[in-house]
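None of the values given here were measured: they were computed from a predicted structure.
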Amino acid sequence: MPADAGRAWWRTAVVYQVVLRSFADGDGDGVGDVAGLRSRLPHLRDLGVDAVWVNPWYASPMVDAGYDVADYRRLDPRYGSLEDAEALVREAHALGMRVLLDVVPNHTSDQHAWFRAALAGDETARARYLFRPGRGADGAEPPNDWESCFRGPAWTRTTDPATGEPGDWYLHMFAPEQPDLDWSNREVADEMLDVLRFWFDRGVDGFRVDVAHGLVKAPGLPDAAGRDRRTEEHPGWDQDEVHDVWREWRALADSYDPPRVFVAEAWPARRAERLPLYLRPDELHTAFEFEPLHVAFRARPWRDVVDRSLAMAELTGAPCAWVLTNHDVVRQATRYARTQFPEKGTNETERARWPTEVPDLDLGRRRARAAVVLTAALPGVLYVYLGEELGLEEVEDVPAERRSDPIFWRSGGTDPGRDGSRVPLPWSGDAPPFGFSPPTRADGSPAAEPHLPQPAGWAALTAAAQDGDPTSTLSLYRRLLALRREHLAPAGPMRWLPTPSPDVLALAREGTDVQCWVNLGAEPVALPAGARVLVASAQVDGGVLPGDAGAWVQVADR
């Protein structure tokens with residue numbers, strides 16, 4: 001791309017999240033790969049996205065879908081080669097799309113060369129991780145009371161390589177196969193900077209930063225003493241020293257022409273007070289707005305979410321990064337398909353209802369379509385998750401033997417985990433694998449079954465089936481994103497408009513005559529007199545917006 005092109009593209013972009021193993025399979029082994037993604041880049045171009053965010057593609061044992069990295073500079077062979085990665089970047093750029101990668105700086109895989117050396121007794125390698133002696137008699141108790149995000153204790157005991165006796169413990173805030181790095185060790189910081197350079201030098205435009213509030217732990221690793229890591233200040237998260245890391249990373253990103261960018265996955269407990277610190281001008285560029293992932297489909301909670309997020313954007317100068325679904329949560333069509341909580345739900349409360357409340361997926365999809373009409377109208381960046389443009393629902397009945405999420409296994413099967421939102425995409429045909437894989441492998445043998453089973457009912461949701469249907473979810477996304485680029489990407493701040501019902505939200509943006517109206521109730525509502533509908537998530541007859549629907553309209557006398 002031209003050296004001066006899009007220096008602030010990330011402020012208004014539409015970014016598509018690719019779970020590589022579930023996007024498209026190019027070689028027939030049942031696992032998506034870079035070849036499959038390259039073959040489907042025209043789909044993303046036609047959808048209207050500005051950038052592609054690829055979940056971890058590094059060499060990995062895949063205990064946690066690649067978030068357990070064994071080698072940050074090498075692609076996992078199941079996904080392809082470094083040459084394939086470089087070709088993807090070139091081809092995406094040629095189509096006018098940037099490429100973002102995931103970087104996982106909080107922990108490595110237990111198969112990383114550093115950690116293998118540490119377990120073998122290499123003191124230099126050991127100092128790069130958080131090994132500590134245990135408490136109690138013979139060190140048999142973990143060094144502190146921290147809990148893993150994936151259930152159970154955050155510590156695993158090692159075996160002394162010389163004696164075979166139980167040894168020290170190592171910290172893992174996620175799975176035991178994901179040992180946490182010690183970011184007080186300068187070698188760790190230098191290694192991660194070099195990893196960033198490695199990919200920036202190959203044309204990658206930026207990174208999504210996994211667990212950006214992690215990395216640095218409180219000195220002495222004190223007990224959490226019952227504090228909830230999600231709602232209370234916890235010694236394992238959000239320490240002030242982490243901002244020194246982000247300043248170094250930002251200086252590196254700014255040294256490139258054009259500058260590279262970062263988006264943070266950050267969950268500080270005191271979000272309103274602490275998240276702005278990550279978005280200072282010399283730190284990270286943006287951070288995900290996570291409240292839309294859980295907010296109920298109700299007007300007042302949605303308005304509160306928007307107001308809070310825009311207030312933070314005003315404070316920091318960083319654009320909001322809106323996301324309705326990602327690889328860690330229940331898909332929005334399913335979240336909206338059951339009764340709605342007063343304010344918001346959680347992954348746990350959503351999944352707890354699966355055995356007892358049958359989802360109304362038609363209703364869920366209508367609401368999901370309305371929600372994207374709303375978020376696409378808001379100032380900032382819009383993230384689209386794998387398959388949301390097809391209206392896919394959560395697959396709730398993945399057999400236990402096919403599940404791979406460590407949340408499922410570490411909870412003893414009581415929490416189904418995240419596999420249901422990571423099922424391979426349906427591209428064409430009337431039966432699985434729905435074009436996800438080619439019919440045969442290169443040697444002529446039949447292609448393998450997709451790594452997670454696809455519902456037979458997805459035949460009507462394939463990209464091919466929706467392609468020529470003007471009422472389909474795919475057509476809605478294409479039209480919506482084209483209009484967003486034309487009318488709203490360059491527009492100014494927003495303001496709420498008065499509406500005839502408390503169940504309806506309406507907003508306008510400075511510099512455009514386009515208004516967004518979203519009916520989050522069941523009763524129909526009249527649009528403004530003389531409004532011309534540009535795009536709608538449901539049929540609008542006689543200027544009346546039905547329930548659970550949204551529309552963009554042009555109003556001459558705004």
Side-chain angles (χ1 to χ4, degrees), residues 15-26 29-34 36-37 40 44 52-58 60-69 76 78-79 101-102 104 149-150 174-175 178 208 210 265 288 293 323-335 347-348 350-351 354 359 361 364 368 383-411 413 415-427 432-437 448-458 461-463:
V15 184
Y16 188 97
Q17 181 186 353
V18 170
V19 177
L20 196 57
R21 66 191 302 170
S22 297
F23 187 73
D25 171 19
D29 67 353
V31 177
D33 47 37
V34 176
L37 174 54
R40 299 289 183 178
L44 299 178
V52 181
W53 156 31
V54 184
N55 281 175
W57 60 6
Y58 316 106
S60 169
M62 298 294 168
V63 171
D64 184 25
Y67 284 92
D68 47 320
V69 180
D76 192 276
R78 285 163 283 199
Y79 293 151
L101 301 182
D102 242 304
V104 188
C149 298
F150 289 166
F174 294 89
Q178 295 168 294
R208 175 263 193 187
D210 188 58
E265 180 206 34
F288 289 120
L293 296 172
V323 53
L324 287 167
T325 304
N326 67 21
H327 60 295
D328 287 329
V329 303
V330 176
R331 282 192 181 271
Q332 67 204 48
T334 297
R335 296 203 311 272
N347 277 338
E348 292 79 6
E350 292 288 355
R351 292 167 182 154
W354 291 4
L361 291 176
Y383 280 79
V384 177
Y385 177 60
L386 173 94
E388 289 303 310
E389 78 277 18
L390 303 179
L392 302 183
E393 77 273 18
E394 184 87 3
V395 180
E396 298 181 359
D397 58 354
V398 176
E401 64 274 13
R402 299 290 298 276
R403 293 188 180 274
S404 61
D405 189 349
I407 290 177
F408 174 78
W409 296 107
R410 285 176 64 80
S411 70
D415 187 327
R418 302 161 294 177
D419 291 311
S421 66
R422 303 174 178 184
V423 173
L425 295 191
W427 289 101
F434 295 119
F436 172 73
S437 301
E449 186 178 358
H451 69 92
L452 288 170
Q454 300 160 305
W458 277 7
L461 298 178
T462 66

Does a donor on one side chain and an acceptor on the other come within less than 3.5 Å for Gln178 and Asp64? yes
Are Thr462 and Leu390 packed together at the side-chain level, in the sense that at least one heavy-atom pair is separated by less than 4.5 angstrom? no
Closest non-hydrogen contact found for Pro399 with Pro453 is CD-CG, 3.8 Å
Which residues pass the side-chain contact (heavy atoms from CB on, under 4.5 Å) test with Ser404, not counting sequence neighbours? Asp419
How far apart are the closest heavy atoms of Pro433 and Pro450, and which atoms are they? CB-CG, 3.6 Å
Under the side-chain contact (heavy atoms from CB on, under 4.5 Å) criterion, do Val330 and Glu396 qualify, and how do the steps go? CA-CA 9 Å; Val330 176; Glu396 298 181 359; 5.9 Å; no
Closest non-hydrogen contact found for Ala456 with Phe434 is O-CZ, 3.7 Å
State, to 0.1 Å, how close Gly32 and Tyr79 come at their nearest heavy-atom pair, and which atoms those are. O-CD2, 3.3 Å
Do Gln17 and Val384 make a side-chain contact, defined as non-hydrogen atoms from C-beta onward lying under 4.5 Å apart? no
Please list, chain by chain and in numerical order, all residues satisfying side-chain hydrogen bond (donor to acceptor under 3.5 Å, both in side chains) with Trp53, sequence neighbours excluded. Asp102
Please list, chain by chain and in numerical order, all residues satisfying side-chain hydrogen bond (donor to acceptor under 3.5 Å, both in side chains) with Asp29, sequence neighbours excluded. none
Partner of Ser22 under side-chain contact (heavy atoms from CB on, under 4.5 Å), picked from Val31, Leu425, Leu386, is Leu386
Does some side-chain heavy atom of Arg78 sit less than 4.5 Å from a side-chain heavy atom of Asp33? no
What distance separates Ser421 OG from Glu394 CD, expressed to the nearest 0.5 Å? 5.0 Å
So how far is it from Leu461 CG to Gln454 CD, rounded to the nearest 0.5 Å? 11.5 Å
Nearest 0.5 Å please: distance from the CZ atom of Arg21 over to the CG atom of Asn55. 10.5 Å
Name all residues meeting the side-chain hydrogen bond (donor to acceptor under 3.5 Å, both in side chains) criterion together with Glu265; count only those two or more places apart in sequence or in a different chain, and write none if there are none. Arg208
Students often mix this up, so state it plainly: with edges at 30° and 60°, are the rings of Tyr16 and Phe23 parallel, tilted or perpendicular? perpendicular
Less than 4.5 Å apart, side chain to side chain, heavy atoms only: is that true for Pro424 and Leu452? yes
Step by step, work out the side-chain contact (heavy atoms from CB on, under 4.5 Å) result for Leu361 and Thr334. CA-CA 7 Å; Leu361 291 176; Thr334 297; 4.1 Å; yes
State yes or no: are the ring centers of Tyr67 and Phe174 separated by less than 6.0 Å? no
Assess the residue pair Val15 and Val52 against the criterion (side-chain contact (heavy atoms from CB on, under 4.5 Å)); give the C-alpha distance rounded to whole Å, side-chain angles, the decisive distance to 0.1 Å, and a yes or no. CA-CA 6 Å; Val15 184; Val52 181; over 6 Å; no
Who passes side-chain hydrogen bond (donor to acceptor under 3.5 Å, both in side chains) against Thr325, sequence neighbours left out? Gln332
Could you give the distance from OH (Tyr385) to CG (Asp328), rounded to the nearest 0.5 Å? 8.5 Å
For Asp405, enumerate each residue passing the salt bridge (charged side-chain N to carboxylate O under 4.0 Å, His left out) test, keeping only those at least two apart in sequence or located in another chain. Arg418
Measure from NZ or CZ of Arg403 to the centre of the six-membered ring of Phe408 and say whether it is under 6.0 Å with the direction within 45° of the ring axis. yes
Of the non-hydrogen atoms in Trp427 and Ala24, which two are nearest, and what is the gap between them? NE1-CB, 4.0 Å
Taking C-beta and beyond as the side chain, do Trp57 and Asp76 meet within less than 4.5 Å on heavy atoms? no
What distance do Asp397 atom CG and Arg402 atom CZ have between them, rounded to the nearest 0.5 Å? 11.5 Å
Sub-3.5 Å donor-acceptor pair from the side chain of Arg351 to the main-chain atoms of Gly417, do we have one? yes
With a 4.5 Å heavy-atom cut-off, do Pro416 and Trp354 have their side chains touching? yes
Can a side-chain donor-acceptor contact be found between Ser60 and Asp68 if the only test is distance below 3.5 angstrom? yes
With rounding to the nearest 0.5 Å, note down the distance linking CD in Glu350 to CG in Leu293. 11.0 Å
